[in-house]
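Quick notes on the structure that follows.
Scope of the values below: all heavy atoms of this structure, side chains included, with no hydrogens, waters or symmetry mates.
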Amino acid sequence: MSLVGKKFPNITVDAMSEMGDDLRINVLEEATSNHQKVLLFWYPKDFTFVCPTELHAFQEALGEFEKRNTKVIGASCDTNEVHFAWLNTPKDNGGIEGVTYPILADTHRQLANTLGIVDQDFEYDEEGNETFSGSNVTYRATYLIDETGKIFHEAVNDMPLGRNVAEFLRLIDAYTHVQKHGEVCPANWEEGKEAMSADRKGVADYLSTH
């Protein structure tokens, strides 16, 4: 079930800073209290393969997100201690040393289960006994949350598929344009390109020149 257009869940979760500080982060409050957008991205597990490439990619683009008044937060179901160990592992050894944004440690999976992004299935046999299948870790889910706490974008990738960080910058630009100008952004819109009015004349004018 999509959460787009709804408030992000009001749940506080343990987190780890790059300095090794234990934090408590409520993503909804990060957006509303600081009047900023939030990009929250989930990855399956620390010390894996695709995951460090994504964490470094978001770090490399961190300045661009900050220019857009957007806070980046990573998240998995690993513990703070495992996060800190990974943060202290060099990049050339598969680690995420140099990552400076906080990483949620949703070890109880309260937030991840509320979002519905955990790879798990529960079934019952003929005797009524519950059986479990799945990896019990999260898919590569990404949420963009606006200054009011509303989710304006969500995407969920299967575990082998890494994300395109530039697309999230484009989506933030587009949403900000809508907020500021009241226009809508057509397919493949990028900052500096023409948007259009959300009416019949607007789409007709746009299509006549594109």
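In terms of heavy-atom proximity, Ala195 sits nearest to Val184 at CB-O, 3.3 Å. The minimum heavy-atom distance between Ser2 and Glu154, with the atom names listed, is OG-OE2, 2.5 Å. Pro44 and Ser76 get closest at one heavy-atom pair: O-CB, 4.2 Å. Listed here is the closest heavy atom pair of Glu97 and Pro90: OE1-CA, 3.5 Å.
Formation of a donor-acceptor pair under 3.5 Å by the Gln36 side chain with backbone atoms of Glu30 is found in this model. Between the side chain of Asp46 and the backbone N or O of Trp86 there is no donor-acceptor pair closer than 3.5 Å. A donor-acceptor contact shorter than 3.5 Å links the side chain of Thr138 to the backbone of Tyr43. Judged by distance alone, the side chain of Ser197 and the main-chain N or O of Asp199 form no donor-acceptor pair under 3.5 Å. A side-chain donor-acceptor contact under 3.5 Å links Asn69 to the backbone of His35. Between the side chain of Asn93 and the backbone N or O of Thr89 there is no donor-acceptor pair closer than 3.5 Å. Side chain of His177 to backbone of Gly192: no donor-acceptor contact under 3.5 angstrom is found.
Just one residue in the list Phe58, Tyr143, Phe168, Phe65 forms a ring pair (Phe, Tyr, Trp, His ring centres under 6.0 Å) with Phe41, and that residue is Phe58.
Under a hydrophobic-cluster definition in which Ile, Leu, Val, Met, Phe, Trp and Tyr are linked whenever side-chain heavy atoms come within less than 4.5 Å, directly or via other members, Val99 and Ile73 are assigned to different clusters. Val178 and Ile172 are members of different hydrophobic clusters when ILVMFWY side chains are connected at heavy-atom separations under 4.5 Å. The hydrophobic cluster containing Ile145 does not contain Leu39, counting ILVMFWY residues as joined when their side-chain heavy atoms lie under 4.5 angstrom apart, directly or transitively. In the hydrophobic clustering of this structure, Leu23 groups with Ile11; members are Ile, Leu, Val, Met, Phe, Trp, Tyr whose side-chain heavy atoms approach within less than 4.5 Å, directly or through other members. By the criterion of side-chain heavy atoms lying less than 4.5 angstrom apart, applied directly or through intervening Ile, Leu, Val, Met, Phe, Trp or Tyr residues, Val118 is not grouped with Leu40; the two fall into different hydrophobic clusters.
Summarising the geometry, atom CG belonging to Asn113 is positioned 7.5 Å from atom CG belonging to Asn136; distances are rounded to the nearest 0.5 Å. Within the model, atoms CG of Asp78 and CE of Met16 stand 11.5 Å from one another, a figure rounded to the nearest 0.5 Å.
At least one side-chain heavy atom of Leu62 sits less than 4.5 Å from a side-chain heavy atom of Tyr101. At a threshold of 4.5 Å between non-hydrogen side-chain atoms, the residues Leu55 and Ile103 count as touching. Using a 4.5 Å cut-off on side-chain heavy atoms (C-beta onward), Met196 and Val203 make contact. Between Val50 and Met159, every side-chain heavy-atom pair lies at or beyond the 4.5 Å cut-off. Using a 4.5 Å cut-off on side-chain heavy atoms (C-beta onward), His56 and Ile96 make contact. A 4.5 Å side-chain heavy-atom check between Phe8 and Leu3 finds every atom pair outside the cut-off. For the pair His108/Asp14, no side-chain contact is recorded, criterion being any heavy-atom separation below 4.5 Å from C-beta on. Lys71 has its side chain out of reach of Asn34: every pair of non-hydrogen atoms, C-beta onward, lies at least 4.5 Å apart.
Using a 4.0 Å cut-off between a side-chain N of Lys or Arg and a carboxylate O of Asp or Glu, Asp173 and Arg68 qualify as a salt bridge.
Within 6.0 Å of the CZ atom in Arg200, the count of heavy atoms belonging to other residues, nucleotides or ligands does not exceed 12.
Ring geometry for His210 against Tyr206 counts as parallel: the plane angle stays under 30°, on a 0 to 90° scale with 60° as the upper cut.
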Test side chain to side chain donor-acceptor pair (under 3.5 Å) applied to Asp22 and Asn80, step by step:
CA-CA 7 Å; Asp22 292 322; Asn80 269 353; 3.0 Å; yes
Report the C-alpha distance between Gln59 and Lys91 in whole Å, list the side-chain angles of each, state the deciding distance to 0.1 Å, and finish with yes or no for side chain to side chain donor-acceptor pair (under 3.5 Å).
CA-CA 12 Å; Gln59 178 65 36; Lys91 182 178 180 180; over 6 Å; no
Run Asp146 and Thr148 through side chain to side chain donor-acceptor pair (under 3.5 Å) and show every step you take.
CA-CA 5 Å; Asp146 74 10; Thr148 70; 2.7 Å; yes
Could you walk me through whether Arg140 and Asp158 pass the salt bridge (charged side-chain N to carboxylate O under 4.0 Å, His left out) check?
CA-CA 6 Å; Arg140 298 187 192 282; Asp158 201 356; over 6 Å; no
